[in-house]
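Report on the structure given below.
For this chain, numbers begin at 1 and follow the sequence in order.
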Amino acid sequence: MNKPVLFTLCLCFTLLAFSQERKLPIDTTVTTQHSATINGISFTYTATTGTQPVWDEVGKPIASLHYTYYTRNNIKNRADRPLLISFNGGPGSGSVWMHLAYTGPKVLKIDDEGYPVQPYGVKSNPFSVLDVTDIVYVNPANTGYSRTIPETGKEVDRDKFFGINADIKYLAEWLNTFVTRNNRWRSPKYIVGESYGGTRVMGLSLALQNQQWMYLNGVIMVSPADYKVIRVGGPVSSALNLPYFTAAAWHHKMLPTELQNKDLLEVLPESESYTINSLIPAIAKGGFISDAERKEAAQKMAYYSGLNQEDILDHNLDVPTSFFWKNLLKNKGDFTVGRLDSRYKGIDKKSIGSRPDYNSELTSWLHSFTPAINYYLQEELNFKTDIKYNMFGPVRPWNNENDETRDNLRQAMAQNPYLNVLVQSGYYDGATTYFNAKYTMWQVDPSGRMKDRFEFKGYRSGHMMYLRREDLQKANDDIRAFIKRTTNTGKSAKY
C-alpha cells in the first residue's frame, strides 16, 4: 500500500473516531448469569442492566433511565414472587448506595463497621433479600447513567423532571412500562426509598395507585427525609434533634455518668419523652419563657446532649445540628463528627466555628462506592459505556413546592388495605434523624386508625445503617420479615 492511501485511511479512521458522540443507548439491556448463597441457601439469579425511555405526551423519548434488575432463577410461579423497587434520594443521588451496600447480591469491600478498605471492590452479600424478592434499582434522570434527552441545553424541559411532583409523575409512568415489559403486574410490589427517597416513595404510593392503577403491598422508608419537618424550622423541628444528640453523645461517651452507664436503648426513651413533653413547649414560648424555665431547659438539654449549657443558652435553646457536629468533641481531641453518621470523626482547619469544614462520613464513603459501582456495572454486569456514573447528578434547582407526599401516603393506605409501611433509621444519623422519622410516621395518619400498619426499626449506626455488618444483617432481616408478613396471599382486600 502506498503512503498517500495509508495516510487517507488513517485520516478517515481518526475523523470517524472523533465523530462518535458519547451517548447512552435510549433503550437497551445486557443480561448476565450469577450465583449467590443467602441465608445459607445457594441459588442462581439473572442480572439485567440497561436503559428504558421516559416518553412525553406524544410518545417522544425525553429521558433514558438506567436500571439494574435482579431475578432469582427457577421460580415456578413468578406471579407469587414479590418485586422490590428501589430508589435512593438526594435529590440527585444515584441508586448505587442501597444497590451495592444494602439489599443487592453484592456489597462493598469494607470493614465490619463500614469503613473503606483498599483495594476497592465488591463481595457477596450473604444477607441480601434476593432470596425472597426480585429487585430493581432505578436511577432517576441525571443520576447514575440516566440522562435527559438532550442531556443539556434549553431544549430540556426541567419542569418535567426536577421537582417533588414532577419526579413522582414521570417515575410512576416509567414503572408502569417496566412492570408491563417484565410481566410483573400480578406480583406483590414494594417500593423502598432512602433519604429524599422517603419523600419520593410516599408520593409514589398514591401516584402509582391513582394514575397507573398499580397497588402496592408495602412502602419502605430508609432514613427518610420529610420536608414537612426538615428545613422548616420552629419549635418542633428544632426540638426533634435532641434524641439524636443523645445518641451521638452516648456513642462518643460525652453524656453524664448515670446516662453513659446505661445502654443506648435505655437512654433514648428518656430523651424522647423529655423532647415531646417538655422541650417542644419550652421552645414554643420563645422570648416569653421565664428565666427559670429557660435555664432548666438548657440544663436538661446539656444533660441529654453532651453540649455546654452556656452554648445552648446562647442559641436560645434552638441548637443547630451543624453546631453540634462542630462542637460536641471540641474538648475531647477537637474532632468534628459526621453529619450522616456521627460515629465518624473529622479534622477542621480551625477549632472555632459553627459548622464543620466537610462531611467526614461522606468523603469516606465516596472512597469505596465510586470505584466499586464503576467496576461492578462494567466488568461484572458487562454494561459498557463511556458515560460518567453520576454519584450525585445535576438536578438543581429542585422544585419543593406543593409537597403533599405525607398525605399522599395516608390516602394510598386508606384506599388500599394491603398497604403497609416500614421505617428504618440509624440512631447516629444527624441529617434525617431517627426521631424525625418516628415523628413523620406518627403524623401520616393523625386519626391513628391505621397505626397497626406502621413499623419502626432503629439501628446502632448512621444514615446508611447497612454499612455496619451487624446492621446489614438486621436491616435485611427486617425487610425480609416485612415482605413475608405483608404479601397477603389469599386474603381479601377489605376492612
Can you list the residues that meet the ring-ring contact (aromatic ring centres under 6.0 Å, His included) rule with [X], with sequence neighbours excluded?
X	value
Trp185	none
Tyr358	none
Trp398	Tyr196
Phe162	none

Whether Tyr439 and Trp442 hold their rings parallel, tilted or perpendicular, with breakpoints at 30° and 60°:
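Correct class here is perpendicular.
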Just by modelled atom types, is the [Y] backbone N or O under 3.5 Å from a matching donor or acceptor in the [X] side chain?
X	Y	value
Thr133	Pro82	yes
Ser354	Phe323	no
Trp174	Gln52	yes
Ser364	Ser360	no
Ser237	Gly234	no
Thr405	Gly203	no
Asn88	Met98	yes

Between Tyr344 and Tyr115, ring centroids under 6.0 Å
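Yes, they do, as the ring centres are separated by less than 6.0 Å.
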Are Tyr244 and Phe324 an aromatic pair by the rule of ring centers under 6.0 Å?
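Centroid separation for Tyr244 and Phe324: below 6.0 Å.
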Would you please name every residue forming a side chain to side chain donor-acceptor pair (under 3.5 Å) with Glu155, sequence neighbours left out?
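Not a single residue meets the side chain to side chain donor-acceptor pair (under 3.5 Å) criterion with Glu155.
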Partners meeting side chain to side chain donor-acceptor pair (under 3.5 Å) with Gln378 (sequence neighbours left out):
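Once residues adjacent in sequence are excluded, the partners of Gln378 under the side chain to side chain donor-acceptor pair (under 3.5 Å) criterion are Tyr145.
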Ring pair (Phe, Tyr, Trp, His ring centres under 6.0 Å), that's the test. Do Phe392 and Trp97 meet it? Break it down for me.
CA-CA 11 Å; Phe392 301 103; Trp97 313 99; 5.7 Å; yes
Scan for salt bridge (charged side-chain N to carboxylate O under 4.0 Å, His left out) pairs involving residues 431-442, sequence neighbours excluded, and state none if there are none.
Glu272-Lys438
What salt bridge (charged side-chain N to carboxylate O under 4.0 Å, His left out) pairs are there with at least one residue in residues 182-207, not counting sequence neighbours?
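Sorted pair list: Asp134-Arg184, Asp167-Arg200.
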Show the numbers, then the answer: is there a salt bridge (charged side-chain N to carboxylate O under 4.0 Å, His left out) between Asp27 and Arg181?
CA-CA 12 Å; Asp27 201 343; Arg181 285 186 173 189; 2.8 Å; yes
Going by the rule salt bridge (Lys or Arg N to Asp or Glu O under 4.0 Å), which residues pair with [X] if we only count those two or more places apart in sequence or in a different chain?
X	answer
Lys106	none
Asp407	Arg410
Asp348	Lys326

Which residue, Val219, Ile135, Ile483, Val129, forms the side-chain contact (heavy atoms from CB on, under 4.5 Å) with Tyr190?
Ile483
Would you mind checking if Arg480 and Asp477 are paired as a salt bridge, meaning a charged N to carboxylate O distance below 4.0 Å?
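Arg480 and Asp477: salt-bridged.
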Pairing of Lys228 and Asp226 as salt bridge, 4.0 angstrom limit
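Here Lys228 does not pair with Asp226 in a salt bridge, since their nearest N and O are not under 4.0 Å apart.
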Heavy-atom pair of closest approach, residues [X] and [Y]:
X	Y	result
Asp429	Ser223	OD2-CB, 3.7 Å
Leu381	Ala47	CD2-CB, 3.8 Å
Asp445	Met450	OD2-N, 2.8 Å

Below 3.5 Å, can you tabulate the donor-acceptor pairs from side chains in residues 419-426 to any protein atom, sequence neighbours excluded?
from, atom 1, to, atom 2, distance (Å)
Asn420, ND2, Tyr418, O, 2.8
Gln424, OE1, Tyr102, OH, 2.7
Gln424, NE2, Tyr102, OH, 3.1
Gln424, NE2, Tyr459, OH, 2.9
Gln424, NE2, Ala475, O, 3.2

